[in-house]
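As the structure lists them, so they are numbered: ligands from 1, and atoms in each ligand from 1. When a residue number appears, it is its place in the shown sequence, counting from 1.
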Amino acid sequence: MQTNIESGTLYIVATPIGNLGDITQRALDVLSQVDIIACEDTRHTQKLLSAFSIQNKTISMHDHNERQRQDYIATLLKDGKSIALVSDAGTPLISDPGFHLVRHCRQEGLKVSPIPGACAAISALCSAGLPTDRFSFEGFLPSKSGARQATLSALAYEERTMIFYDAPRRAIDTVKDIVEVLGGERYVVLARELTKTFETIYSDTAENLLDWLSKDPNQLKGEMVLMIEGHKIDPNAISPKVVDTLKLLLKEIKPKTACAITADIYGVKKNALYDIALSLKS
Ligand code: SAM
């Protein structure tokens, strides 16, 4: 079915994350018919266009010129031009440029239309065997270990499946930090080189993943998505929030009173808190 291109519309076009066979018919229709293609990297997109014998005008729109480009692109759209936005791979705006442009266009009342397709995060998630009913896309973790550990620490009690993009050169350090902050027993999945020849999806505890990566440097090549299973709630466990409150109260008042007040606030059994209070005190 041929896609009708509407004038004055910005199309957000997903492109393959490796295997060119994943391009969609609508993406090909839009890329060949729009007036201009705004690319994260024109040379990179040119290769994709050549592979499908598409000849069209391209302009650059990347992290460093997005703010200037957004006015130019909005003006072209107002003049009735149709424009496609693509990134180097996958879905634009997902850890890729385009957010400021799309927000600007929407604020200006211009039409923005998605042309869905590949996305590494979603491809990884749907083949990981981790809960998919609720998940949290976290993009790239910070490159420095201190900041990375702080980010992981803030996510320690996140119950949803967490999805991260990671650079292969940092993968071992990232997994080391996961072991340190979330514990070696946390279940993780590494999805590497999706849709490509060396596609590998490995799932195990963080400790075993670290061991596996350390023994096989080939697994540190290419592109990867790292997923962490969400924190599992033990119905018998006292939640970290309760322990934090107890800790604060113990600094000021006697254990018996601290336990009674905490139990009152959270509706938990007083007795269950005594042992925790004693171990915190000691
Ligand atoms: N917009 C893209 C998308 O929709 O997935 C993501 C762009 S982001 C700059 C690039 C990161 O996506 C890579 O560093 C890697 O973490 C992940 N990625 C991209 N292609 C991948 C692939 N074929 N296999 C695994 N991860 C991939």
Side-chain angles (χ1 to χ4, degrees), residues 10-24 26-27 30-31 37-45 47-48 51 60-66 84-103 112-130 132 135-144 148 151-152 161-175 177-178 188-203 209 212-213 216-228:
L10 174 67
Y11 291 94
I12 309 301
V13 182
T15 57
I17 55 168
N19 191 322
L20 289 188
D22 292 334
I23 192 96
T24 66
R26 288 188 75 216
V30 169
L31 292 176
I37 305 171
C39 319
E40 185 181 6
D41 179 340
T42 50
R43 277 175 305 177
H44 190 101
T45 299
K47 287 184 199 151
L48 177 81
S60 72
M61 211 236 36
H62 44 71
D63 278 336
H64 306 291
N65 72 355
E66 184 170 351
L85 174 71
V86 294
S87 60
D88 284 352
T91 303
L93 280 82
I94 307 301
S95 288
D96 269 340
F99 160 65
H100 298 291
L101 172 66
V102 169
R103 186 159 72 173
V112 182
S113 181
I115 305 294
C119 173
I122 298 300
S123 307
L125 177 67
C126 67
S127 33
L130 290 169
T132 54
F135 60 87
S136 165
F137 175 65
E138 298 291 335
F140 285 92
L141 277 164
S143 55
K144 297 222 166 86
R148 193 163 53 228
T151 304
L152 288 169
T161 298
M162 289 157 271
I163 309 174
F164 301 89
Y165 285 160
D166 204 16
R169 63 180 183 284
R170 287 205 293 261
I172 293 232
D173 290 337
T174 301
V175 182
D177 286 340
I178 291 173
V188 295
V189 181
L190 182 84
R192 193 177 72 85
E193 291 289 86
L194 293 172
T195 77
K196 304 187 210 174
T197 312
F198 296 107
E199 177 178 281
T200 313
I201 301 172
Y202 179 93
S203 47
L209 172 63
W212 184 70
L213 286 177
D216 185 357
N218 281 330
Q219 302 304 338
L220 292 168
K221 291 180 186 158
E223 298 187 285
M224 51 179 66
V225 179
L226 189 61
M227 289 156 285
I228 305 180

Indicate yes or no: does an N/O atom of [X] lie under 3.5 Å from an N/O atom of ligand 1?
| X | value |
| --- | --- |
| Ser87 | no |
| Ser95 | no |
| Cys119 | no |
| Thr195 | no |
| Ile17 | yes |
| Ile94 | yes |

Less than 4.5 Å apart, side chain to side chain, heavy atoms only: is that true for [X] and [Y]?
| X | Y | answer |
| --- | --- | --- |
| Ser60 | Asn65 | yes |
| Thr195 | Pro16 | no |
| Arg170 | Phe140 | yes |
| Phe137 | Ile94 | yes |
| Asn218 | Phe198 | no |
| Leu209 | Ile178 | no |
| Ile163 | Val225 | yes |
| Met227 | Met162 | no |

Identify, for [atom], the protein heavy atom at the shortest distance, and state residue, atom and that distance.
| atom | value |
| --- | --- |
| atom 7 (C) of ligand 1 | Asp96 OD2, 3.3 Å |
| atom 24 (N) of ligand 1 | Leu194 N, 2.9 Å |
| atom 10 (C) of ligand 1 | Phe140 CZ, 4.1 Å |
| atom 18 (N) of ligand 1 | Ala120 CB, 3.4 Å |
| atom 2 (C) of ligand 1 | Ala89 O, 3.2 Å |
| atom 25 (C) of ligand 1 | Glu223 O, 3.3 Å |
| atom 3 (C) of ligand 1 | Tyr165 OH, 3.4 Å |
| atom 26 (N) of ligand 1 | Val225 CG2, 3.4 Å |

For [X], counting its heavy atoms only, list the atoms of ligand 1 lying under 4.0 Å from any of them.
| X | answer |
| --- | --- |
| Gly90 | 3 (C), 4 (O) |
| Thr91 | 1 (N), 3 (C), 4 (O) |
| Lys196 | 23 (N) |
| Asp166 | 16 (O) |

Original post:
What closest approach, in Å, do Gly139 and Ser95 show between heavy atoms, and which atom pair accounts for it?
Top reply: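 That closest heavy-atom pairing would be CA-OG, 3.8 Å.
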Subject >> Residue-ligand contact Ala167/ligand 1, heavy atom below 4.0 Å >> reply: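 Per 4.0 Å heavy-atom rule, Ala167 does not contact ligand 1.
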Subject >> Proximity flag Ala191 to ligand 1, non-hydrogen atoms under 4.0 Å >> reply: yes
Original post:
Under a 4.0 Å heavy-atom limit, does Met224 contact ligand 1 with its side chain, its backbone, both, or neither?
Top reply: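 The part of Met224 near ligand 1 is the backbone, not the side chain.
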Original post:
Is Asp88 touching ligand 1 with its side chain, its backbone, both, or neither, if touching means heavy atoms under 4.0 Å apart?
Top reply: neither
When rounded to the nearest 0.5 angstrom, what distance separates [atom1] in [X] from [atom2] in [Y]?
| X | Y | atom1 | atom2 | result |
| --- | --- | --- | --- | --- |
| Ile201 | Ser127 | CD1 | OG | 3.5 Å |
| Asp41 | Leu48 | CG | CG | 12.0 Å |
| Met224 | Leu213 | CE | CG | 6.5 Å |
| Lys144 | Thr151 | NZ | OG1 | 13.0 Å |

